[in-house]
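A quick note: this is a predicted structure, and the numbers were derived from the prediction, not measured.
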Amino acid sequence: MGLTSFQRLCFVFALFTFAFPAQGSMTKITAVNDAWPPYVTRDKAKPGFSVELVTAALRTQGYDTEFLLFPWARGLYEVRNGRIDLITTTWYTDARSEFLLFSEPYFATNVDIMMRKDTFFEYAGPKSLTGKRIASVREYGYEQWFLDAEDFQRVETTSLVSSLRMLAAERVDIAVGNRFVMLQEMKPLNLNADDFHFYPVPMIRQHIHIAAGKTNPNASEYIQAFNRGLKTIKQNGTFTDLIKKYGLKLPNNITEE
């Protein structure tokens, strides 16, 4: 049929589900993520860079991907236990590698430092964060130094939206996350981007992978299929087209992301 866009958007247990119609004998596969625009969005017409990329890559290998939107920690739990096949946007950590099988990286991203307009400090590594209250999302897979540090207060939130609310309410000094995502998530909160600013150097740089739970008997098959499909969509131009569609920068220049 050659369909290239999402055909339906419906609730599954009060959560949005994106699905492409099956083609012939294509195998159904489920994937999950929380909203992380522009990588994963709630917009059925433009569901996100990662959603479209993963779907396109797996379609070349005969898989029809159904996407679910779950809160991050819950989605990770469901994939870990094999009840959902894939998580769409995840960072590699040694701890996660104990229970997840990771794909090749398909993009790169920064974890940026966001502050209110009236706040500024010189970020020069972990010690420069001493005394700060920092909003960070639970189970996001930050680097171990950030998770283990005792010189600052890491305030765990359930989402970047919660982190932004805390920052706006002056309950924390800093929120950390991807610049693109935080700017997108500010809009429905009616927060003015001019009231905030980012430190010009990212705190952490990460690569984005898909992953499957090791308890899933098909985990290796799914990950290998995605890796093959990723090569295919890079060769046929789909990868470049999606980068342009979502206004992203190529991952070999992630300092500007």
Side-chain angles (χ1 to χ4, degrees), residues 33-40 49-50 72-73 76 87-97 102 105-187 189 191 193-209 211 246-257:
N33 215 80
D34 61 346
W36 204 51
Y39 302 95
V40 180
F49 171 75
S50 295
W72 173 258
L76 185 63
I87 195 158
T88 312
T89 60
T90 188
W91 302 329
Y92 175 90
T93 68
D94 288 340
R96 287 178 179 173
S97 70
F102 288 84
Y106 65 83
F107 211 66
T109 187
N110 292 334
V111 179
D112 296 291
I113 296 170
M114 186 179 191
M115 299 166 280
R116 292 182 298 277
K117 187 177 181 179
D118 59 358
T119 304
F120 188 81
F121 79 104
E122 193 73 26
Y123 176 68
K127 287 296 182 182
S128 64
L129 298 173
T130 298
K132 298 287 190 295
R133 299 168 300 166
I134 305 176
S136 58
V137 181
R138 182 165 58 93
E139 299 286 357
Y140 251 36
Y142 304 99
E143 290 185 350
Q144 202 60 43
W145 69 261
F146 181 76
L147 299 174
D148 293 342
E150 298 180 352
D151 297 329
F152 56 82
Q153 181 184 357
R154 191 164 51 85
V155 181
E156 286 196 336
T157 67
T158 57
S159 66
L160 278 176
V161 169
S162 297
S163 293
L164 291 169
R165 284 181 175 139
M166 294 189 76
L167 182 63
E170 302 186 17
R171 295 171 59 192
V172 294
D173 306 303
I174 292 168
V176 294
N178 179 262
R179 178 191 308 251
F180 283 155
V181 179
M182 288 196 284
L183 288 173
Q184 290 290 324
E185 293 286 53
M186 289 175 70
K187 295 175 182 177
L189 296 176
L191 295 176
D194 292 337
D195 293 334
F196 303 87
H197 67 107
F198 293 92
Y199 192 75
V201 177
M203 184 180 75
I204 301 170
R205 294 172 184 160
Q206 296 279 28
H207 286 91
I208 307 175
H209 309 253
Y246 286 93
L248 299 174
K249 296 182 184 296
L250 291 171
N252 63 356
N253 195 10
I254 62 174
T255 58
E256 294 183 8
E257 191 177 324

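Residues satisfying the side chain to side chain donor-acceptor pair (under 3.5 Å) criterion with Q153, sequence neighbours excluded, are absent altogether. Partners of D118 by side chain to side chain donor-acceptor pair (under 3.5 Å), not counting sequence neighbours: none found. Listed by chain and number, the residues in a side chain to side chain contact (heavy atoms under 4.5 Å, CB included) with T158 are S162 (sequence neighbours excluded). With sequence neighbours excluded, the residues that form a side chain to side chain contact (heavy atoms under 4.5 Å, CB included) with R96 are W72, L76, T90, W91, T93, F99, L100, F102. Partners of F152 under the ring pair (Phe, Tyr, Trp, His ring centres under 6.0 Å) rule, at least two apart in sequence or in another chain, are F146. The side chain to side chain contact (heavy atoms under 4.5 Å, CB included) test applied to L147 returns Y142, Q144, R154, not counting sequence neighbours. Every residue two or more places apart in sequence or in another chain was checked for a side chain to side chain contact (heavy atoms under 4.5 Å, CB included) with E150, and none qualifies. Take Y246 and apply the side chain to side chain donor-acceptor pair (under 3.5 Å) test, not counting sequence neighbours, and it matches E52.
Between the side chains of Y199 and E122, at least one donor N or O lies within less than 3.5 Å of an accepting N or O. With 3.5 Å as the limit, one finds a donor-acceptor pair spanning the side chains of S50 and Y106.
Of all heavy-atom pairs spanning P105 and H209, the tightest one is N-ND1, 3.6 Å. Pairing each heavy atom of M115 with each of F121, the nearest pair is SD-CD2, 3.6 Å. The minimum heavy-atom distance between L167 and R116, with the atom names listed, is O-NH1, 2.8 Å. Of all non-hydrogen atoms in L160 and V181, the two that sit nearest each other are CD1-CG1, 3.4 Å. Contact detail for E143 and Q206: the closest heavy-atom pair is CG-NE2, 4.0 Å.
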- Task: Please test I204 against W145 for side chain to side chain contact (heavy atoms under 4.5 Å, CB included), starting from the C-alpha separation and ending with a verdict.
- Result: CA-CA 11 Å; I204 301 170; W145 69 261; 4.2 Å; yes
Show me the donor-acceptor pairs, under 3.5 Å and distance only, between side chains in residues 129-141 and residues at least two apart or in other chains.
residue: T130; atom: OG1; partner: K127; partner atom: O; Å: 2.7
residue: R133; atom: NE; partner: D173; partner atom: OD2; Å: 3.3
residue: R133; atom: NH1; partner: R171; partner atom: O; Å: 3.1
residue: R133; atom: NH2; partner: E170; partner atom: O; Å: 3.4
residue: R133; atom: NH2; partner: D173; partner atom: OD1; Å: 3.1
residue: Y140; atom: OH; partner: D34; partner atom: OD2; Å: 3.3

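For the atom pair W36 CH2 and T89 OG1, the distance stands at 5.0 Å (nearest 0.5 Å).
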